[in-house]
Every structure is written in structure tokens, then in C-alpha cells.
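Sharing a structure, written as C-alpha cells. Questions coming.
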Protein chains: 2
Amino acid sequence: MAASTGRQTAMPTSEHGTCLAMSDILSRIGDKWSVMIVAQLGQGTMRFSELRRQTDGISQRMLTLTLRNLERDGLVTRTVYPEVPPRVEYALTPLGKTLLGPIYALWDWVSEHQDDIAEARMAYDAGQQEEAPPRKIA
Amino acid sequence: MAASTGRQTAMPTSEHGTCLAMSDILSRIGDKWSVMIVAQLGQGTMRFSELRRQTDGISQRMLTLTLRNLERDGLVTRTVYPEVPPRVEYALTPLGKTLLGPIYALWDWVSEHQDDIAEARMAYDAGQQEEAPPRKIA
DNA sequence: CTGAATCCGGCCCGATACTG
DNA sequence: CAGTATCGGGCCGGATTCAG
């Protein structure tokens, strides 16, 4: 169950195979919307339009594509109810649920440190602009 | 220190501010190379060419850009030694080190489940192609 | 050795219109 | 309601070249 067996499995340079798989899967995880959708579904089964409403800023196209990818990776299930009007519900698979742990960890980290990052960014930008040639800052 | 205060901070829909910050920062985390670089630097200080060699597949441009972004976000430090030939060393900041936890969690998750995902993908693809019109598979 | 700058192809993604 | 199809702009990212 637990993510870590106690050993340090996080050794990027040692295992090339894992390393390549990481790139691949991380790009799915790191995908802007995937994490949010998984997090949403962590709260329970939802239908398409419900996800659309709760995930603001996402286009219909992106929601569809994201869900397709997640389905393909075995992280979510897609259930179509042959009614009219049609209803489609999405839910996390057991595998998908195991992703919630790491995702929440990341979420928490961001919650905690977003201020630090914002501050660092301002400091960095300020430092850059004073080093940069004062080319008509106007 | 700890990532979680004990409460469930991972509530995507509740806080819009955090939610937007998440998108922003996650796109950095989810950035293909950022995670790998941070993981590399988790092992200790490294210089530019060293990172380049150990991170296979990365172009010089991307390494530079990635490092710049990480520096701007206050996650890594950049130290230039005024020698000839020049030497530049990168290291994680304290803030950067706090990221290692969540990253390793994710890394471990991938290590554990990459097979499941690969399998799910094959199954999905197989299912798709039999539903699809057999248009000259040849 | 480290890094900046330029060029340029490819994809990502949003907007729109159309189907069942 | 849920989804596909198409078009088009924009940004990502690799290869190359030049500089300190």
C-alpha cells in the first residue's frame, strides 16, 4: 500500500528505464489539467458537465482529452448511461486512488510554499532589472 | 517543516486563489525537466556540464532555461566562480529541498505503478482498434 | 565551460461549428 | 448533455551559431 518501501527508490541516474518512464508519466501528471481532474474525482464520481463547471478555465476539448488520457492510463473509469439526454460519469479506479496520496502531498507543498515562491520571483525579477542595461525603462 | 498540518489542505474546489497558484506552480513542477533536475540536485551540488551529462536527452537550451526558472522560483542557487575556464555550480536552496519529499513520493509512485499504466494503455489501445472501423489495417 | 541568440518545425490548446 | 472535427495562433523546444 505505502508508496515507499523504506528504501530510497528516488534515484534518477541509476535506473534508465525508470527514468524514461518517469518522463513519460510525469508529463501526464504534470499536465496542467490531469492533476486537477484527479483531485476533483478524489471527492467522488462526477459527470462531464459537473467536472467542467468545477474546473474553471478548462475548455470542453481539453476536458475530453484529459479524461481520455486518464482513462487510457487506467486512472479513471468512464460510464455511459444509455439515456436521453445522455449521462456520462467518471470515477477514479483503484489505481487512480493511489495517485491521490502523492498528489495531495504536492498540493500541500504548494499551499505551504506558494508565498515563498511568489516572493522569490519578485526578488529575482527585481535583481534582474537592475543588472540589465537601463534601456529606456521610461 | 512537515508538509501537512494534519488538516486536509487538498481541496481543489474550495480555494480559488490556491487553485490558480496550483496551476501555475504545477506547470513548473510538471515541466518535463524541472523534476529531474531537482532530483539530481537532491544528491548534491553539481555544475552545469555535470547536470547536462547526467540528464540525458536534455538540450543545452532547456537545461539553461530550466535552471533559470528554478532559480527564479527560489528553488536552486547559482554560483559562478570567476575562473578561467568558468565554473558554475547549482544547488538546492532550503526551499528546494522541501520539494524533494513530494517529488520522491511521486517518483516512488511511478516506480510502483508504471507497469500497471503500461498494461492499461495496451488494453485501452487494443479495445479502441477493434471498435474502430477496420479501414485497411493492412 | 557556460551561456545567449536566432531560426524554425511541431504540438498544444482554445474557439467554433456540427452530431447523436 | 456529451462528444467529435476542423482551423488557426502561440508557445515549447531542438539544432545551430556566436560570445565571454
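In this text, all values refer to a predicted model and were calculated from it rather than measured experimentally. Proteins come first, then strands; the chains are lettered A, B, ... in the order of their sequence lines, and each starts at number 1.
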Quiz item: Going 5' to 3' along nucleotides 7-20 of chain C, which nucleotides have protein heavy atoms under 4.0 Å from the base (write B), which only from the sugar-phosphate (write S), and which from neither (write -)?
Solution: ------BBB----B

Practice problem: Could I get the full list of side chain to side chain donor-acceptor pair (under 3.5 Å) partners for B:Arg87, not counting sequence neighbours? | Solution: B:Glu83, B:Glu89

Practice problem: In whole angstrom, give the distance that lies between atom CG of B:Leu67 and atom C1' of C:dG3. | Solution: 11 Å

Quiz item: In residues 72-85 of chain B, which residues come under 4.0 Å of DNA chain C by heavy atom?
Solution: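 Within residues 72-85 of chain B, the residues near DNA chain C are B:Arg78, B:Pro85.
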
Practice problem: Return the value, rounded to whole Å, for the distance between atom CZ of B:Phe48 and atom C1' of C:dG3. | Solution: 7 Å

Exercise. Extract, from 5' to 3' on DNA chain D, the first and final nucleotides lying under 4.0 angstrom from some heavy atom of chain A.
Key: D:dC1 to D:dT6

Self-check item: B:Trp33 and B:Met36: CA distance, side-chain angles, deciding distance, side-chain contact (heavy atoms from CB on, under 4.5 Å) verdict
Solution: CA-CA 5 Å; B:Trp33 303 110; B:Met36 308 193 61; 4.1 Å; yes

Quiz item: So does B:Thr64 get a side-chain nitrogen or oxygen closer than 4.0 Å to the phosphate oxygens (OP1/OP2) of C:dT2?
Solution: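 No, no such contact exists.
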
Self-check item: Residues that A:Val80 engages under side chain to side chain contact (heavy atoms under 4.5 Å, CB included), provided they are two or more places apart
Solution: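 Partners of A:Val80 by the side chain to side chain contact (heavy atoms under 4.5 Å, CB included) criterion, ordered by chain and then number, come out as A:Arg78, A:Val88.
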
Quiz prompt | Pairwise salt bridge (Lys or Arg N to Asp or Glu O under 4.0 Å) hits with a residue in residues 92-103 of chain A, at least two apart | solution =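 Qualifying pairs: none.
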
Quiz item: side-chain contact (heavy atoms from CB on, under 4.5 Å) between A:Leu41 and A:Leu75: does it pass, once the steps are laid out?
Solution: CA-CA 10 Å; A:Leu41 291 178; A:Leu75 298 174; over 6 Å; no

Quiz item: Rounded to whole angstrom units, what separation is found between the CD atom of B:Glu89 and the P atom of C:dT2?
Solution: 10 Å

Quiz item: Say you draw a straight line from CG of A:Leu99 to CG of A:Leu92; how long is it, rounded to the nearest 0.5 Å?
Solution: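 Nearest 0.5 Å value for the CG-CG distance: 8.5 Å.
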
Exercise. Identify, with sequence neighbours excluded, every residue that meets side chain to side chain contact (heavy atoms under 4.5 Å, CB included) alongside B:Arg61.
Key: B:Ser59, B:Leu65

Quiz prompt | By side chain to side chain donor-acceptor pair (under 3.5 Å) - contacts of B:Asp31 (at least two apart) | solution = B:Ser34

Quiz item: Within the structure shown, what part of the strands sits under 4.0 Å from B:Arg68 by heavy-atom distance: base, sugar-phosphate, or nothing?
Solution: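 Contact class for B:Arg68: sugar-phosphate only.
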
Self-check item: Pairing residues for A:Thr55 by the side chain to side chain donor-acceptor pair (under 3.5 Å) criterion, not counting sequence neighbours
Solution: A:Gln40

Exercise. Walk me through it: do B:Phe48 and B:Leu67 pass the test side-chain contact (heavy atoms from CB on, under 4.5 Å)?
Key: CA-CA 9 Å; B:Phe48 187 84; B:Leu67 286 169; 4.0 Å; yes

Quiz item: Around B:Glu50, counting heavy atoms of other residues, nucleotides and ligands shown, do more than 12 lie under 6.0 Å from its CD?
Solution: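 It does: B:Glu50 CD has more than 12 such atoms within range.
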
Quiz item: To 10°, what angle do the rotation axes through the five end pairs on each side of the helix from C:dC1-D:dG20 to C:dG20-D:dC1 form?
Solution: 40°

Quiz prompt | Qualifying residues under side chain to side chain contact (heavy atoms under 4.5 Å, CB included), relative to B:Ala91, sequence neighbours excluded | solution = B:Thr45, B:Thr77

Practice problem: Can you sort out the partners of A:Arg53 under side chain to side chain donor-acceptor pair (under 3.5 Å), two or more places apart, ordered by chain and number? | Solution: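 Not a single residue meets the side chain to side chain donor-acceptor pair (under 3.5 Å) criterion with A:Arg53.
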
